[in-house]
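What follows is one structure encoded as structure tokens, with my remarks underneath.
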Amino acid sequence: LPLLDEWKERVEFLGKHLPARLAQETAAFFERLTEEQPLILLCEYLHWLDKDSAEILLQIMELVVHVPIMLGFTSCPGQGDTYERVAGVAAARIGRHWYEELALKTLNEEYSVQIASSVSTRDLSAQQQKHIYQRSGGNPLFIVEITRTMLTAPRVPIPDTVHKII
């Protein structure tokens, strides 16, 4: 639908200012929560964040210096620029003494097979085990999802990424 001329200016204003305002209000919300008790906020798959969600997260990150809040994130570095940008800004804005990065390695074939076997409702052949490990790259979530897909829809092609399989 075409936008009426009288609304164009308002929509442009909102497009420019709403994301920043939403980030400020979200941070204020979490800050108020910490007045009642300390808070732990966990965010998974940081590399999938869109730009506006990343801005909200960056606003919340600044709270760690002033209020009892602990943030935890999971991410797959190299899967997009959001992770690198947020990690860099976090270190710059709040300082390295408030920020710690822990890099976890992917699982080897033995552990990958153990996870796949624990998820599977039947024994997996050596060929299936090898296929799951090779396709997952040792990513635990991908191992689980590939195994489930192989068992419930064996003719469905396995997507290339965790994001696509979920």
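What you are looking at is a predicted structure, and each value in this text was computed from that prediction instead of being measured.
Note: the hydrophobic cluster containing Val65 also contains Met61 (ILVMFWY, side chain heavy atoms under 4.5 Å, direct or indirect links). Cluster membership check: Phe29 does not share its hydrophobic cluster with Ile40, using side-chain heavy-atom separations under 4.5 Å among Ile, Leu, Val, Met, Phe, Trp and Tyr. The cluster map of Ile, Leu, Val, Met, Phe, Trp and Tyr, joined by side-chain heavy atoms under 4.5 Å apart, puts Tyr111 and Val113 in different clusters. Cluster annotation: Phe142 and Leu124 are assigned to the same hydrophobic cluster (Ile/Leu/Val/Met/Phe/Trp/Tyr, side-chain heavy-atom contacts under 4.5 Å, transitive).
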Starting from the C-alpha separation in whole Å, work towards a yes-or-no answer on side-chain contact (heavy atoms from CB on, under 4.5 Å) for Glu109 and Gln134.
CA-CA 8 Å; Glu109 188 169 1; Gln134 289 174 339; over 6 Å; no
Apply side-chain contact (heavy atoms from CB on, under 4.5 Å) to Gln114 and Ser117, showing your working.
CA-CA 5 Å; Gln114 285 180 11; Ser117 296; 5.8 Å; no
As a quick check of understanding, evaluate side-chain contact (heavy atoms from CB on, under 4.5 Å) for Met70 and Leu41, giving each step before the final call.
CA-CA 6 Å; Met70 181 176 130; Leu41 180 63; over 6 Å; no
Check against side-chain contact (heavy atoms from CB on, under 4.5 Å), Ile115 and Leu107
CA-CA 10 Å; Ile115 289 176; Leu107 299 177; 3.2 Å; yes
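Other residues, nucleotides and ligands place more than 12 heavy atoms under 6.0 Å from the CG atom of Leu4.
In plain terms, the two heavy atoms of Gly138 and Ser112 that are nearest each other are CA-OG, 3.8 Å. When every heavy atom of Ser53 is checked against every heavy atom of Asp50, the shortest pair comes out as N-OD1, 2.6 Å. Here the closest non-hydrogen pair linking Pro19 and Asp52 is CB-OD1, 3.5 Å. Pairing each heavy atom of Ile143 with each of Ala116, the nearest pair is CG2-N, 3.8 Å. Taking each heavy atom of Phe30 and Leu63 in turn, the nearest pair found is CB-CD1, 4.2 Å. Residues Glu55 and Ala23 come closest through the heavy atom pair O-CB, 3.9 Å.
Rounding to the nearest 0.5 angstrom, the gap separating the CD atom in Gln127 from the CD1 atom in Ile132 is 11.0 Å. Between atom CZ of residue Arg32 and atom OG1 of residue Thr34 there is a gap of 10.0 Å, rounded to the nearest 0.5 Å. Here the CE-CZ distance, from Met150 to Arg122, works out to 7.5 Å after rounding to the nearest 0.5 Å. With values rounded to the nearest 0.5 angstrom, Lys51 atom NZ is found 12.0 Å from Ile56 atom CD1. The line from OH of Tyr133 to OG1 of Thr106 is 6.0 Å long, rounded to the nearest 0.5 Å. Once rounded to the nearest 0.5 Å, the distance linking CD1 of Ile69 with CG of Leu33 reads 8.0 Å.
Between Arg21 and Glu25 there is a salt bridge, since at least one side-chain N of the basic residue sits less than 4.0 Å from a carboxylate O of the acidic one. Glu145 has a carboxylate O that lies under 4.0 Å from a charged side-chain N of Arg148, or vice versa, which qualifies the two as a salt bridge.
Exactly one residue among Thr74, Leu71, Leu57 makes a side chain to side chain contact (heavy atoms under 4.5 Å, CB included) with Cys43. That residue is Leu57.
No side-chain heavy atom of Phe13 sits under 4.5 Å from any side-chain heavy atom of Lys8.
Counting only distance, with no hydrogens or angles, the side chain of Gln128 and the backbone of Ser125 share a donor-acceptor pair below 3.5 Å.
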